Amino acid sequence: MEKTPPPFAQVLQLVLGKWVSGAVCALAKLGVPDHVDATPRSAEEIAAKVGAKPELLYRLMRATAGLGVLSETPDHKFVQTPLSAALRTDAVPCVRNMAMFNSDEWHMRGWGQLAETVMTGERPVERIYGMPTFEYLNANPEAGQNFHRGMTDMSTVEGPPVAEAYDFSGIKTITDVAGGYGLLLALILQKNPGMRGTLYDQPEVIAGAAGGPTEGVKDRVAYV
């Protein structure tokens, strides 16, 4: 029978979980999984592709291999695992952008303000940066793009079951409020050819949706 760790060890696992998250998110941000497949590859080889220092990239890859994200061979090379495959840019479902957004500075600093938020009710991004979240994302396009692509990642996970399970019969028009780049809406419209849809979001988000998930059904979509 497996022995349960003592309470202090369980708490430490929870407290230090951000170290694990940080390592996995860094791997995603560097795009390492895009360069790892069934052929063993060295950290030096991958470092040249992602612009990293080989000795430090090896330590990061070794750490994530210990979590099952990547697998290390006896000669210190690495191959893909099902977990690293989900972090590839071309994965379906894909969670790479979600990992990138999760490790962005504004997001991490916001979580660090959770105790203050509980005490004061102030939104953390407004406290730190002096502006609402979506204003900040609009003023910082890279962070905004990571966030919106991360939301699309979540739709690749949640969207297909929703589109498959829900009975949309009899519904002629549907609006996705705060629909991001429109993947969920696109999936629903693909399953229901007689339906029209409206994608409703911030102006900069709608601008970024062009050529995205709704491209194949854009003749049935109003972008608002």
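Quick caveat, the model's predicted, so the values are computed rather than measured.
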Do [X] and [Y] sit in one hydrophobic cluster, given that two such residues count as connected whenever their side-chain heavy atoms are within less than 4.5 Å of each other, even indirectly?
{"X": "Val95", "Y": "Phe101", "answer": "no"}
{"X": "Leu83", "Y": "Val32", "answer": "yes"}
{"X": "Val79", "Y": "Val69", "answer": "no"}
{"X": "Ile174", "Y": "Val221", "answer": "yes"}
{"X": "Leu16", "Y": "Val11", "answer": "yes"}

* Side chain to side chain, Tyr58 and Glu72, heavy atoms closer than 4.5 Å ->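 When only atoms from C-beta onward are counted, Glu72 and Tyr58 do touch, with a gap below 4.5 Å.
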Taking all non-hydrogen atoms of both residues into account, name the closest pair between [X] and [Y] and its distance.
{"X": "Ala186", "Y": "Pro213", "value": "CB-O, 3.4 Å"}
{"X": "Ala86", "Y": "Ala91", "value": "O-CB, 3.8 Å"}
{"X": "Gly180", "Y": "Ala209", "value": "O-CB, 4.5 Å"}
{"X": "Glu116", "Y": "Gly112", "value": "OE1-O, 3.9 Å"}

[atom1] of [X] to [atom2] of [Y]: how many Å apart, nearest 0.5 Å?
{"X": "Phe78", "Y": "Thr73", "atom1": "CZ", "atom2": "OG1", "result": "7.5 Å"}
{"X": "Arg62", "Y": "Leu67", "atom1": "CZ", "atom2": "CG", "result": "12.5 Å"}
{"X": "Leu183", "Y": "Gln190", "atom1": "CG", "atom2": "CD", "result": "8.0 Å"}
{"X": "Lys77", "Y": "Met61", "atom1": "NZ", "atom2": "CE", "result": "12.0 Å"}
{"X": "Leu57", "Y": "Leu30", "atom1": "CG", "atom2": "CG", "result": "6.5 Å"}
{"X": "Thr156", "Y": "Met151", "atom1": "OG1", "atom2": "CE", "result": "11.0 Å"}

* Please list, chain by chain and in numerical order, all residues satisfying side chain to side chain contact (heavy atoms under 4.5 Å, CB included) with Ile206, sequence neighbours excluded. =>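 In terms of side chain to side chain contact (heavy atoms under 4.5 Å, CB included), with neighbours along the sequence ignored, Ile206 is linked to Leu199, Asp201, Tyr223.
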* **Counterpart residues, side chain to side chain contact (heavy atoms under 4.5 Å, CB included), relative to Ser21 (two or more places apart)** =>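 For Ser21, the residues satisfying side chain to side chain contact (heavy atoms under 4.5 Å, CB included) (neighbours in sequence not counted) are Cys25, Asn102.
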* Begin with the C-alpha distance, continue with both residues' side-chain angles, and end with the deciding distance and a verdict on side-chain contact (heavy atoms from CB on, under 4.5 Å) for Thr198 and Asp176. => CA-CA 6 Å; Thr198 298; Asp176 192 349; over 6 Å; no
* Quick check: are there more than 12 heavy atoms from other residues, nucleotides or ligands sitting under 6.0 Å from CD of Glu142? ->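 Counting other residues, nucleotides and ligands, CD of Glu142 stays at 12 neighbours or fewer.
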Polar side-chain atom of [X] near backbone of [Y] as donor-acceptor pair, under 3.5 Å:
{"X": "Asp37", "Y": "Thr39", "value": "yes"}
{"X": "Thr81", "Y": "Gly68", "value": "yes"}
{"X": "Arg220", "Y": "Pro193", "value": "yes"}
{"X": "Asp153", "Y": "Met98", "value": "yes"}
{"X": "Arg96", "Y": "Arg88", "value": "no"}

* Given the rule in the side chain to side chain donor-acceptor pair (under 3.5 Å) test, do Thr173 and Arg196 qualify, once you have shown the distances and angles that lead to the verdict? -> CA-CA 5 Å; Thr173 62; Arg196 299 187 66 83; over 6 Å; no
* Asked: Hydrophobic cluster mates of Met100, side-chain heavy atoms under 4.5 angstrom, ILVMFWY only, any path?
  -> none
* Among Thr89, Ile46, Leu87, Val50, side-chain contact (heavy atoms from CB on, under 4.5 Å) partner for Asp34 ->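 Only one option passes, and that is Thr89.
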* Could you walk me through whether Leu27 and Leu60 pass the side-chain contact (heavy atoms from CB on, under 4.5 Å) test, one step at a time? => CA-CA 7 Å; Leu27 201 76; Leu60 175 63; 4.2 Å; yes
Let me check something: any side-chain donor-acceptor pairs from residues 124-132 under 3.5 Å, sequence neighbours excluded? List them with distances.
| unit_1 | atom_1 | unit_2 | atom_2 | d |
| --- | --- | --- | --- | --- |
| Arg127 | NE | Gln113 | OE1 | 3.2 |
| Arg127 | NH2 | Thr120 | OG1 | 3.3 |
| Arg127 | NH2 | Glu122 | OE1 | 2.9 |

* **ring pair (Phe, Tyr, Trp, His ring centres under 6.0 Å) partners of Tyr181, counting only residues at least two apart** => His148
* Run the side-chain contact (heavy atoms from CB on, under 4.5 Å) check on Phe147 and Phe134 step by step: do they pass? -> CA-CA 10 Å; Phe147 173 79; Phe134 285 98; 3.8 Å; yes
* **Steps toward side-chain contact (heavy atoms from CB on, under 4.5 Å) verdict (Tyr136, Thr133)** => CA-CA 5 Å; Tyr136 175 86; Thr133 299; 5.7 Å; no
With a cut-off of 3.5 Å and sequence neighbours excluded, list every side-chain donor-acceptor pair involving residues 158-171.
| unit_1 | atom_1 | unit_2 | atom_2 | d |
| --- | --- | --- | --- | --- |
| Glu164 | OE1 | Lys191 | NZ | 2.8 |
| Asp167 | OD1 | Ser169 | N | 3.0 |
| Asp167 | OD1 | Ser169 | OG | 2.6 |
| Asp167 | OD2 | Ser169 | OG | 3.3 |

